[in-house]
Protein chains: 2
Amino acid sequence: MTASDSGELDFWSFVELANRRLAREYGFRHQLATELLLTLNRASTIVTYDLEASVHRPRGLSWSGFRLLFVTWLAGPLEAKKAAELTGMSRAAVSNLAKTLVSGGLLSRDPAAGDGRSVLLSLTDTGHQEMVDVFRAHNEREHEWAGALTPEEQRILIMLLDKLVTHRDQFDVRGRN
Amino acid sequence: MTASDSGELDFWSFVELANRRLAREYGFRHQLATELLLTLNRASTIVTYDLEASVHRPRGLSWSGFRLLFVTWLAGPLEAKKAAELTGMSRAAVSNLAKTLVSGGLLSRDPAAGDGRSVLLSLTDTGHQEMVDVFRAHNEREHEWAGALTPEEQRILIMLLDKLVTHRDQFDVRGRN
DNA sequence: CCACGGTAGTTAACGCCTGTACTAGTTTCA
DNA sequence: TGAAACTAGTACAGGCGTTAACTACCGTGG
């Protein structure tokens with residue numbers, strides 16, 4: 001007996017209900033695909049919400065702020081353009097967010113050496129210290145989540161997600177321009 | 001030779017770089033956990049962005065609008081509270097979004113029978129027709145994505161994600177109040 | 001050497017989401 | 001029965017996202 005059979009319908013168990021009705025009552029053909037993507041999307045939402053709420057918000061960072069600092073930290077001083085690409089945000093979003101983070105003293109925005117149009121984003125010393133700190137908590141929390149699976153299962157999951165995403169070269173996927 | 005070794009760093013291959021530096025230069029312990037959650041989050045972002053951009057935006061629906069209509073469609077007439085729970089939005093978000101969808105003629109908002117505080121959300125005939133239509137395109141697109149994996153792999157992926165999320169009862173996860 | 005097309009970043013208008021504070025209706029129980 | 005505690009929904013302020021339009025700069029080729 002599943003959660004939705006028993007009448008307790010929630011964010012997670014809704015997936016089952018949706019799948020049953022789509023297949024049985026409406027005859028949609030790709031049931032497994034729906035289940036897969038709904039599950040993927042919801043799992044990601046749950047984990048991300050938890051990390052943001054338990055690690056980042058309490059320290060005054062938004063999830064996006066963390067992401068921008070994170071890529072700047074690890075991929076070195078970056079042009080804003082590249083930061084947008086690595087975070088998955090638009091250039092405008094990076095521009096706005098950078099304003100906030102610069103005024104918070106975590107990020108530094110300097111004209112790029114070779115190109116007068118570009119700006120280079122880098123962490124301030126405070127920002128660097130902050131990231132090392134924040135990431136410690138982030139990593140512990142990630143570890144708790146990942147603990148649901150054995151290392152072997154984790155590797156399989158990563159491999160399957162990688163396969164799913166890498167396949168996108170095969171068809172015309174809409175990403176950011 | 002990986003993508004990031006070769007110097008082509010993008011949204012997807014950044015995961016590798018991040019992992020390498022976190023482990024080698026900073027000595028963070030839970031490397032596999034970071035890789036897992038970063039991969040999960042990015043895979044979900046990519047797929048969702050594509051579905052929104054290729055299926056929903058062209059038809060005038062936002063991703064959130066689609067989600068709200070979707071749960072209303074499949075989980076019957078719903079109290080706004082329940083709709084918030086099933087979509088993973090706040091009650092305020094449902095309230096706002098419902099306003100838009102009602103004025104667009106897709107959603108109907110009626111006082112609940114038993115409880116004077118509650119509102120029942122249901123699809124209008126137009127909304128129902130629209131969902132059947134939109135979902136046809138959505139489902140085809142999902143099928144293209146899922147085609148990256150064999151059905152067996154898809155089932156394993158679903159199972160692993162389910163295990164990951166279900167484990168959250170084991171510790172104190174921050175979800176919406 | 002300069003006009004032109006292309007590119008980086010920012011700004012503006014707008015939509016969505018969040019938390020908080022409020023209103024109104026319901027339930028509890030003394 | 002009536003006061004207090006609770007619950008559902010909404011209004012509001014603030015943050016962040018998007019696209020489109022604009023500015024400034026770069027590189028090329030006539």
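Atom C1' of nucleotide C:dA8 and atom CG of A:L121 are separated by 12 Å, given to the nearest angstrom. Put simply, CG on A:N96 is 10 Å from P on D:dT18, counting in whole angstrom units. Distance, B:L61 CG to D:dT18 P: 19 Å, rounded to whole Å. A:M89 has its CE atom 18 Å from the P atom of C:dA8, to the nearest Å. Atom CG of B:L101 is separated from atom P of C:dG15 by 13 Å (rounded to the nearest Å). Between B:R57 atom CZ and D:dT18 atom C1' there is a gap of 7 Å when expressed in whole angstrom units.
Counting non-hydrogen atoms under 4.0 angstrom, A:A92 reaches a base of the nucleic acid.
Heavy atoms from other residues, nucleotides or ligands lying under 6.0 Å from CZ of B:R59 number more than 12.
Checked for salt-bridge contact, A:R20 and A:E25 miss the test: no charged N lies under 4.0 Å from a carboxylate O.
Here the OG1-CZ distance, from A:T87 to A:F70, works out to 12.0 Å after rounding to the nearest 0.5 Å. Annotation: the span from B:K163 atom NZ to A:L157 atom CG amounts to 11.0 Å, rounded to 0.5 Å. From B:E16, atom CD reaches atom OG1 of B:T39 across 9.5 Å, with rounding to the nearest 0.5 Å.
Ring pair A:H138/A:F135 is parallel by interplanar angle, where below 30° counts as parallel and above 60° as perpendicular. A:Y26 and B:H128 have tilted rings, their planes meeting at an angle from 30° to 60° on a 0 to 90° scale.
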Item to check | Annotated protein contacts, base or backbone, on nucleotides 3-9 of chain D with a non-hydrogen cut-off under 4.0 Å, one of B, S, - each | outcome: ----BBB
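Look at A:S64 and you won't find any side-chain N or O under 4.0 angstrom from OP1 or OP2 of D:dC16. Between A:K99 and C:dT11 there is a side-chain polar atom (N or O) within less than 4.0 angstrom of OP1 or OP2.
Mapped onto DNA chain C by nearest heavy atom, B:T100 and B:G114 fall at different nucleotides, with B:T100 at the one closer to the 5' end.
A heavy atom lying under 4.0 Å from DNA chain C marks none of the residues of residues 65-72 of chain A.
Comparing C:dT18, D:dT19, C:dC16 by their nearest atom to the side chain of B:L97 picks out C:dC16. Comparing atom distances between the B:A93 side chain and each of C:dT11, D:dC16, C:dC17 picks out C:dC17 as nearest.
For B:N139 and B:E142, the side-chain atoms include at least one donor-acceptor pair closer than 3.5 Å.
A:E35 places no side-chain N or O within 3.5 Å of a backbone atom of B:I158 that could act as its donor or acceptor partner.
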